[in-house]
Amino acid sequence: MKPMKAGGGWPVIRYAWRKAIEGGPLRLFRAMRSKNACKSCALGMGGQKGGMVNETGQFPQVCIKSLQAMVGDLQDAIPAAFWSEHAVSELQNWTSHRLEHSGRLVQPLLLRSGDTHFQPISWTEALDRIIAKLRAISPAETFWYFSGRSSNEASFLLQLLARFYGSNHVNNVSYYCHQASGVGLTSVTGSGTATLSLDDLQHADVVFLVGGNPASNHPRLMHVLMHVRQRGGQVVVINPVRETGLVNFRSPSELKSLLFGTEIASLYLQPDIGGDLALLSAIAKRIDEIGASDEAFLTDHCNGWPELRAQLQRFDWPELCARSGVAREQIDQAAQLYAKGRNVVFAWTMGITHHQYGVENVQAIANLALMRGMVGRPQAGLLPIRGHSNVQGMGSVGVTPKLKEAIVARLESHFGLRVPTTPGLDTLACLEAAHAGRMRAALCLGGNLYGASPDSAFTREALARLDLLVHLSTKLNTGHVQGLAQETLILPVLARDEEPQATTQESMFNYIRLSDGGPTRHAGPRSEVQVIATLAAEVLHGRGTTLDWQAMASTGRIREAIAAVIPGFEPMATLDATREEFHVQGRLFHAPRFATADGRAQLHVHSLPTLDCEEGRLRLMTVRSEGQFNTVVYEEEDLYRGVVGRDVILLHPEDIQQQGLAANQRVTVRSSTGALPDIRIIPFESIKAGNALMYYPEANVLVGRAVDPQSHTPAYKNIAITLDPTPHCR
Ligand SMILES: Nc1nc2c(c(=O)[nH]1)N[C@H]1C(S)=C(S)[C@@H](COP(=O)(O)OP(=O)(O)OC[C@H]3O[C@@H](n4cnc5c(=O)[nH]c(N)nc54)[C@H](O)[C@@H]3O)O[C@H]1N2
Ligand SMILES: Nc1nc2c(c(=O)[nH]1)N[C@H]1C(S)=C(S)[C@@H](COP(=O)(O)OP(=O)(O)OC[C@H]3O[C@@H](n4cnc5c(=O)[nH]c(N)nc54)[C@H](O)[C@@H]3O)O[C@H]1N2
Ligand SMILES: [Mo]
């Protein structure tokens with residue numbers, strides 16, 4: 001299979017048709033048009049403006065990822081006989097694709113250590129087991145992991161249960177995702193999310209896109225980028241891989257673009273993996289050198305400019321070029337292009353956060369933006385392109401190990417709750433504690449903790465040391481069968497468009513959507529809030545809480561509580577009556593007054609990391625293919641990069657030659673953490689030499705547990721590896 005010449009286009013249209021047939025065209029269309037937030041990425045669409053409508057009211061907004069997610073949920077139920085027909089040992093060898101396509105989970109399931117098969121059990125028995133365990137152990141021995149699809153209501157309620165119970169070990173998937181953005185942005189503007197709205201973005205004339213592959217992961221962003229170019233604006237891409245869709249994109253919704261393609265990147269910079277900090281500093285240095293910095297803005301609205309300028313002046317050019325892997329002329333071009341922009345947006349994704357200095361990367365982006373006054377005004381700003389459709393909302397409503405002081409104070413006054421004072425642990429730290437025998441039970445609201453975590457062998461051991469692991473899930477995944485505890489329980493839950501009550505979600509533009517819910521598709525699964533409220537009522541019984549937990553199963557009641565407790569969410573109190581969706585207050589910065597103590601933005605000074613790559617080693621990034629959503633693999637092929645199969649490593653032809661290897665040869669890939677045997681070499685011209693690409697989640701065997709000290713995020717994108725030829729013929 002050859003790499004494609006453009007992203008989007010006819011293959012996308014064909015795929016959409018295939019999905020439509022799979023889901024039933026009319027049924028799928030109805031489901032997509034229902035007033036529920038999209039289930040795919042955090043760009044957000046749907047809600048009260050109608051399905052396939054974005055937050056500026058534009059219709060139709062659709063991408064194949066949203067269809068994929070919906071078709072997954074429209075599947076038939078997994079038949080009861082499935083569980084006696086397939087032993088766990090068999091399911092452990094199934095691919096992610098096959099597990100996902102087994103159908104919807106509809107029965108609670110139990111697997112105890114030594115059992116050969118999952119056993120369907122009643123809801124009563126499942127809940128009793130959890131209640132008995134939580135009553136028997138200490139709250140400090142429990143952790144609570146949240147993925148990013150569940151509602152604000154379910155998330156708020158579950159973290160409330162955890163705090164009342166006595167555990168602060170509450171964390172969401174951000175610790176594997178955008179935590180570096182949250183920490184980095186907070187250190188700059190005092191607020192941890194995007195500083196601009198979708199409408200602002202749609203008026204930008206220059207967009208920097210750093211470390212993301214939106215053609216596959218945020219397809220609707222491609223239209224925004226396309227329109228920037230069509231308006232005469234510029235797009236600067238920073239990525240070690242020349243991603244096809246960022247070079248040229250054929251929009252299925254515009255005939256001219258579909259037929260001829262639209263150029264996306266005006267300038268494509270290819271740093272080495274991890275070279276961003278040096279590259280961003282280099283562009284900043286050049287901006288200063290050519291006198292393009294906004295001195296008045298820096299003096300009036302920022303702290304730290306003299307220090308930053310002095311540091312930029314100290315950096316010398318050969319070192320910046322060597323450490324970034326980008327030539328000086330290209331750095332100059334980027335600076336010139338930036339200097340000409342009037343409304344400039346800086347957007348970034350996992351290529352920036354998945355490093356041991358992810359926070360510094362984010363701060364370096366912010367430095368660059370502030371140098372020309374691009375934060376704190378309309379139509380420009382900072383935009384972390386978030387992953388899961390409600391991962392941001394979860395963080396907002398309290399799914400964090402350390403709550404903001406204002407939230408603690410309001411939780412205590414509103415509910416009479418004494419928020420536990422023992423420090424809460426982040427996601428990986430919870431696994432470390434489990435491995436050390438300090439955790440006994442965990443509850444996962446969605447997701448695939450096993451598949452998403454680094455160092456798969458270690459994670460498997462950590463989970464095996466838990467007495468009880470509970471999943472609230474919609475569909476089967478690799479984690480359910482491979483990451484087993486002494487006792488593993490799966491509780492089947494409803495997707496948001498099947499909820500009997502309305503729920504809310506927050507987009508990456510800080511926009512709160514109201515989802516209507518809809519008819520239940522199967523008998524068996526329960527609403528997440530109902531399950532959580534039932535558990536809370538029983539687990540907390542006799543522990544001195546007077547809260548009527550059964551009444552908290554009403555999402556309207558939960559919204560009232562969120563409005564009272566979470567700063568910026570006050571309009572939530574009247575949302576049911578007005579149905580008016582809103583931007584969280586205090587987050588969009590349209591004027592240069594920031595949420596810091598003195599109202600000024602903070603610049604940061606960094607030293608440059610060494611890209612430690614010894615002779616003979618390569619730097620490996622672990623990324624998504626076109627056909628997957630996180631740990632769920634829908635298709636075995638990676639359409640745009642032209643790759644079939646997932647047991648592959650993509651290398652620049654120069655590296656293949658230098659290592660004395662050949663295309664299609666099988667090798668063992670080794671890191672200091674683990675080894676993956678029998679991996680096929682794929683020549684890939686589009687990657688910068690010296691760097692390698694493999695697919696997540698399989699490659700998590702190789703990813704180490706060292707984290708960014710500030711955001712606690714693993715370096716999923718920077719792993720030193722060696723390759724050994726596999727000594728046998730096939
Ligand atoms: N279809 C689909 N949509 C998704 C997801 C999905 O799996 N499938 N996942 C969702 C989630 S949770 C998230 S977080 C996002 C993820 O969206 P992305 O961040 O776009 O996803 P990744 O595939 O992890 O990798 C991103 C890009 O980072 C580049 N990169 C790697 N290392 C570096 C580096 O050191 N520097 C720079 N500048 N770039 C680098 C890679 O070449 C790749 O193009 O997408 C969300 N949307
Ligand atoms: N090596 C490597 N590892 C990575 C990454 C990487 O780039 N490289 N990326 C990281 C990132 S950015 C992320 S976000 C994580 C993702 O980590 P997770 O969020 O933990 O994993 P997902 O694969 O998104 O979880 C999918 C499962 O969620 C469940 N689910 C789906 N919809 C719902 C719902 O409505 N309700 C409930 N209760 N359950 C639902 C289904 O059972 C499905 O199988 O992985 C991280 N891990
Ligand atoms: Mo993510």
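Along the sequence shown, residues carry numbers from 1. Note that these values count all heavy atoms, side chains included, but never hydrogens, waters or copies made by symmetry.
- With rounding to the nearest 0.5 angstrom, the CG atom of L651 is 12.0 Å from the CD atom of E685.
- Relative orientation of the Y696 and Y716 rings is tilted, given thresholds of 30° and 60° on the angle between their planes.
- Minimum heavy-atom separation, T244 to M4: CG2-O, 3.1 Å.
- Residues P609 and L277 meet the side-chain proximity criterion, which asks for heavy atoms closer than 4.5 Å.
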Checklist entry - Can T353 and Q179 be said to form a side-chain contact (heavy atoms from CB on, under 4.5 Å), step by step? => result CA-CA 8 Å; T353 62; Q179 190 68 15; over 6 Å; no

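- Annotation: Q657, atom CD; neighbour count of heavy atoms from other residues, nucleotides and ligands within 6.0 Å does not exceed 12.
- Using a distance-only test at 3.5 Å, with no hydrogens or angles considered, a donor-acceptor pair links the side chain of N477 to the main chain of H480.
- Counting heavy atoms from C-beta outward, L469 and L484 have side chains that stay 4.5 Å or more apart.
- Note: T195 OG1 to F594 CZ = 8.0 Å, rounded to the nearest 0.5 Å.
- Using a 4.5 Å heavy-atom cutoff, the side chains of Q659 and L618 are in contact.
- Here Y175 and Y145 keep their ring centres 6.0 angstrom or further from each other.
- With contacts defined as side-chain heavy-atom distances shorter than 4.5 Å, the pair L383/L201 qualifies.
- Remark: side-chain polar atoms of R220 are paired, donor with acceptor, to backbone N or O of G44 under 3.5 angstrom.
- The distance from atom CG of D724 to atom CG of L661, rounded to the nearest 0.5 Å, is 9.0 Å.
- T193 and N510 share a side-chain donor-acceptor pair at under 3.5 Å.
- Within the 3.5 Å criterion, the main-chain N or O of L368 finds a donor-acceptor partner in the side chain of Y338.
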Next on the checklist: R386 vs S507, test: side chain to side chain donor-acceptor pair (under 3.5 Å). Steps then yes/no.
Outcome noted: CA-CA 8 Å; R386 307 269 326 212; S507 81; over 6 Å; no

Item to check | Residue pair Y450, L463: steps toward the side-chain contact (heavy atoms from CB on, under 4.5 Å) verdict | outcome: CA-CA 8 Å; Y450 167 75; L463 296 173; 4.0 Å; yes

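- A pairwise comparison of heavy atoms in S671 and L702 identifies OG-O, 2.8 Å as the closest pair.
- Of the N and O atoms on the side chains of D638 and Y695, at least one donor lies less than 3.5 Å from an acceptor on the other residue.
- Separating the OG atom in S389 from the CD atom in Q505 is a distance of 6.5 Å, to the nearest 0.5 Å.
- If you check the side chains of H606 and S281, you find no donor sitting under 3.5 Å from an acceptor.
- Put simply, the side chain of I385 reaches to within 4.5 Å of the side chain of M508, judged on heavy atoms.
- For the residue pair N448/T478, the side-chain donor-acceptor check at 3.5 Å is satisfied.
- Rounding to the nearest 0.5 Å gives a distance of 8.5 Å between CD1 of I682 and CG of D647.
- No hydrogens or angles considered: nothing links the side chains of Q602 and T596 as a donor-acceptor pair under 3.5 Å.
- Of all the heavy atoms in H178 and P384, the pair that sits closest is CE1-CB, 3.8 Å.
- Ring centroid separation for the pair F629 and H388 comes in under the 6.0 Å cut-off.
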Checklist entry - Run the side-chain contact (heavy atoms from CB on, under 4.5 Å) check on K285 and W317 step by step: do they pass? => result CA-CA 9 Å; K285 181 180 173 75; W317 278 109; 3.3 Å; yes

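- No side-chain heavy atom of D455 sits under 4.5 Å from any side-chain heavy atom of H435.
- The shortest distance between side-chain heavy atoms of L428 and Y176 falls below 4.5 Å.
- Minimum interatomic distance between R149 and A69 (heavy atoms only, all atoms of both residues): NH2-CB, 4.2 Å.
- Under the 3.5 Å distance criterion, the side-chain polar atoms of D655 are left unmatched by any main-chain donor or acceptor of A689.
- For the pair N700 (side chain) and S453 (backbone), a donor-acceptor distance under 3.5 Å is present.
- H712 places no side-chain N or O within 3.5 Å of a backbone atom of A429 that could act as its donor or acceptor partner.
- Residue S456 comes nearest to V701 through the heavy atom pair OG-N, 3.2 Å, listed as atom of the first residue, atom of the second, then distance.
- Interatomic distance, OH of Y357 versus CG of L608, reported as 9.5 Å (0.5 Å rounding).
- N390 places no side-chain N or O within 3.5 Å of a backbone atom of G148 that could act as its donor or acceptor partner.
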Next on the checklist: Assess the residue pair F143 and H169 against the criterion (ring-ring contact (aromatic ring centres under 6.0 Å, His included)); give the C-alpha distance rounded to whole Å, side-chain angles, the decisive distance to 0.1 Å, and a yes or no.
Outcome noted: CA-CA 5 Å; F143 71 89; H169 305 318; 8.0 Å; no

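- Here the shortest heavy-atom pairing between Q363 and V188 reads CG-CG2, 4.4 Å.
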Item to check | Audit row: E654, K688, salt bridge (Lys or Arg N to Asp or Glu O under 4.0 Å) steps and yes/no | outcome: CA-CA 10 Å; E654 267 176 30; K688 188 172 163 63; over 6 Å; no

Next on the checklist: I'd like to know whether M439 forms a side-chain contact (heavy atoms from CB on, under 4.5 Å) with L425, so could you lay out the CA-CA distance, the side-chain angles of the two residues, the decisive distance to 0.1 Å, and finally the verdict.
Outcome noted: CA-CA 11 Å; M439 290 285 174; L425 299 177; 4.0 Å; yes

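- Donor-acceptor pairing under 3.5 Å is lacking for the side chains of R646 and S96.
- Remark: the backbone N or O of Y634 is paired with a side-chain donor or acceptor of H97 at under 3.5 angstrom.
- Taking the side chain as every heavy atom from C-beta outward, N217 and T349 never approach each other to under 4.5 Å.
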Item to check | R641 vs S216, side chain to side chain donor-acceptor pair (under 3.5 Å): CA-CA, chis, key distance, verdict | outcome: CA-CA 10 Å; R641 299 191 188 113; S216 288; 6.0 Å; no

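- Judged by distance alone, the side chain of N239 and the main-chain N or O of V241 form a donor-acceptor pair under 3.5 Å.
- Side-chain atoms of Q628 come within 3.5 Å of backbone atoms of S625 as a donor-acceptor pair (strictly under, hydrogens ignored).
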